[in-house]
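Shown next, in structure tokens, is the structure this report addresses.
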Amino acid sequence: MSNEYYLNNPLIHRDRRLGRRHTDWVNQFDCAHLRPLIICRGPIRKEAMDVFAEMGITHFGILLSEKDSIVYRNALAPELRSLTDPDRVHRVPDYTGANKEERDQRIRQIISIAKDNGYDSVFAGYGFMAEDETMVAALEKAGLNFIGPCSRTVHDAGLKDEAKRTALKTGVSVTPGIDNGTALTLLKKHPDAAALKALADEQGLDVKGLDDDAITLEDKADLVLAASYGKGIDLYSVDELCETLTEAVQKMAADYPENRVRLKAISGGGGKGQRILGIGEADRSPEVVREILNEVKTTGVGDNKNVLVELNIETTRHQEIQVIGNGIWSITMGGRDCSLQMHEQKLLEVSVTVESLKDAIAQAEASGQEVEAGVLRQDLETLEAMEDEAARFGEAVGLDSVSTFECIVDRDKHFFMEMNTRIQVEHRVTELCYALKFTNPDDPEESFIVESLVEAMVLLAAHGPSLPKPQRLARHNDSVEARLNATNQALQPHAGGVINYWSDALDGEIRDDQGLSLHN
């Protein structure tokens, strides 16, 4: 999104300082009144600051953790050099806390900082707090506007077990496995509705629906568990959970002897909280489950410790669909292939668009390459199916911001894995392929175009219900993002690693996003 774009486009010309546009209908979507607090770091924080400034949002602040300025030498992020007003920089030890107690403390601290300094909204970027249902709900309760999906969406789509159940109900193809290990564990001890009701009464839990015959027994167990998490008590032990999950792994191994099994925390992301068990390694399940729970910091009393057991699809591509919605409508903005990974960290993101595939099919057919054309036609069919499922899933969970619908593709089949209820590092790939055009339903001559997903998130947070369903506009058929990660000597991603050399962007390159932006 360039300044020239806004200054030269008569459709959406606006005064950047005041954030004003030129018609009454467009003016109603002005966002200059927002006063956001940015609670993440890295390139997305710098991008948010730039976008806020272009939108006329002048009063915003940032959190500053020790890792931004103290732990790593010469790692002072460039945005800290430009934001020189000390009253807009708020110090915290870190962004998430090391355990549930610290996490809850940090949430209270963020709310206090916002209230004490006149901020009315919070932007979490793609930090892990962006998908923390507890934090989003706390912000909503405190009267703060979260620039991202609401707590209902984070719960229904962001928790991997809930997302899988919603996917099954909405006809979305899912990976074989179990998503309710905690419910199955509870039912071993309390095997029917009467036993669950007695447990709820004994623990003082207010649970409705236990007498409803239309609700399955497993769903009733989930209702009891949800109430226990809210009260901060445990109804099962990690040992009991490990026993249930080990049995599930053993069954999966017996049903699919040629596949490995993936264990995945419901609150993981960015490669965290996942482990793959090799063929014949079912006995390692308890050890691996504990590793996962420690990694995603859900070992405290009252934490939801559910871990999914899934078939690991061996010959696969990892593709994801960009989804955006306002709680009523939901649309997609093409896909991204991120199959090239190391240690579950994406290295290369390549756009997957209808326009590009159709062009490639036409070229293959014109040159007589029928086999290649057939493969491409299948890719197009798969993409269109994933986009359709992603839009339906977004509407089912009331998506009211930006999220990513992640799938694995195995030849002519695809399986939904999870939805990330946040913007992602690779969102720039989508922005280069599509823009969004919002048009006045009563006057097609009135419209404005948004090229930035961060700007779209702000618009949705400020004016979501009033925004009409946009039209996606093709910009480029293809785009790509390469990620260079600092690593330790084991070649594993490491925030304290050293990048010895990189080349600056050349003239004509589209973008150059770097965590530090300056050589050090």
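Shown here for Asp478 and Cys433, the closest heavy-atom pair between the two residues is C-SG, 4.1 Å. Taking all atoms of both residues into account, the shortest heavy-atom contact from Ile321 to Gly335 is CD1-CA, 3.9 Å. Closest approach of Ser401 and Met457 over heavy atoms only: OG-CG, 3.8 Å. Smallest separation of non-hydrogen atoms from Pro149 and Leu399: CG-CD1, 4.3 Å. Here the closest heavy-atom approach between residue Met252 and residue Val309 is recorded as CE-O, 4.2 Å. Looking at every heavy atom in both residues, Ala167 comes nearest to Phe393 through N-CE1, 3.7 Å.
Asp303 places a side-chain N or O within 3.5 Å of a backbone atom of Gly300 that can act as its donor or acceptor partner. Between the Arg106 side chain and the Asp94 main chain, a donor and an acceptor come within less than 3.5 Å of each other. With hydrogens and angles disregarded, no donor-acceptor distance shorter than 3.5 Å links the side chain of Gln319 to the backbone of Cys338. Looking at Glu281, its side chain does come within 3.5 Å of a backbone N or O of Gly278 through a donor-acceptor pair. Side chain of Asp388 to backbone of Glu384: no donor-acceptor contact under 3.5 angstrom is found. Panel note: side chain Glu140, backbone Ser151; a donor-acceptor pair is recorded below 3.5 Å. Checking side-chain atoms of Asp410 against main-chain N and O of Lys413 turns up no donor-acceptor pair under 3.5 Å. A donor-acceptor contact shorter than 3.5 Å links the side chain of Lys297 to the backbone of Gly97.
Between Ile328 and Lys469, every side-chain heavy-atom pair lies at or beyond the 4.5 Å cut-off. Side chains of Val354 and Glu387 form a contact here, defined as non-hydrogen atoms less than 4.5 Å apart. When side chains are defined from C-beta on, Leu460 does not count as touching Asp400, because their heavy atoms never get closer than 4.5 Å.
Ring pair Tyr236/Tyr229 is perpendicular by interplanar angle, where above 60° counts as perpendicular and below 30° as parallel.
Within 6.0 Å of CD on Gln369 lie more than 12 heavy atoms contributed by other residues, nucleotides or ligands. Counting heavy atoms of neighbouring residues, nucleotides and ligands inside a 6.0 Å radius, atom CD of Glu258 does not exceed 12 of them.
Checking each of Val174, Thr175, Val172 against Phe415 for a side-chain contact (heavy atoms from CB on, under 4.5 Å) leaves exactly one that passes, namely Thr175. Of the candidates Val323, Val397, Val154, Asp156, Thr421 forms a side-chain contact (heavy atoms from CB on, under 4.5 Å) with just one, namely Val154. Checked options Arg483, Arg336, His318; the residue passing with Glu349 is Arg483 (criterion: side-chain hydrogen bond (donor to acceptor under 3.5 Å, both in side chains)).
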Under the criterion salt bridge (charged side-chain N to carboxylate O under 4.0 Å, His left out), I'd like the reasoning laid out for Glu162 against Arg152: C-alpha separation, chi angles, the key distance, then a yes or no. CA-CA 11 Å; Glu162 293 288 342; Arg152 177 221 159 178; over 6 Å; no

- Task: Show your reasoning for whether side chain to side chain donor-acceptor pair (under 3.5 Å) applies to Asn180 and Glu218.
- Result: CA-CA 8 Å; Asn180 58 349; Glu218 291 173 0; 2.9 Å; yes

Point to revise | Trace of the salt bridge (charged side-chain N to carboxylate O under 4.0 Å, His left out) decision for Arg392 with Glu395 | key: CA-CA 5 Å; Arg392 285 192 283 113; Glu395 290 181 0; over 6 Å; no

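Distance check, rounded to the nearest 0.5 Å: CG of Asn306 to CG of Leu184 gives 9.0 Å. The CG atom of Asp239 lies 11.0 Å from the OG1 atom of Thr185; values are rounded to the nearest 0.5 Å.
Geometrically, Arg422 does not engage Tyr126 in a cation-pi contact, judged by NZ or CZ lying under 6.0 Å from the ring centre and within 45° of the ring axis.
In the model, Asp359 has a side-chain atom that pairs as donor or acceptor with a side-chain atom of Asn477 under 3.5 Å.
Ser339 pairs by the side chain to side chain donor-acceptor pair (under 3.5 Å) definition with Asp337, not counting sequence neighbours.
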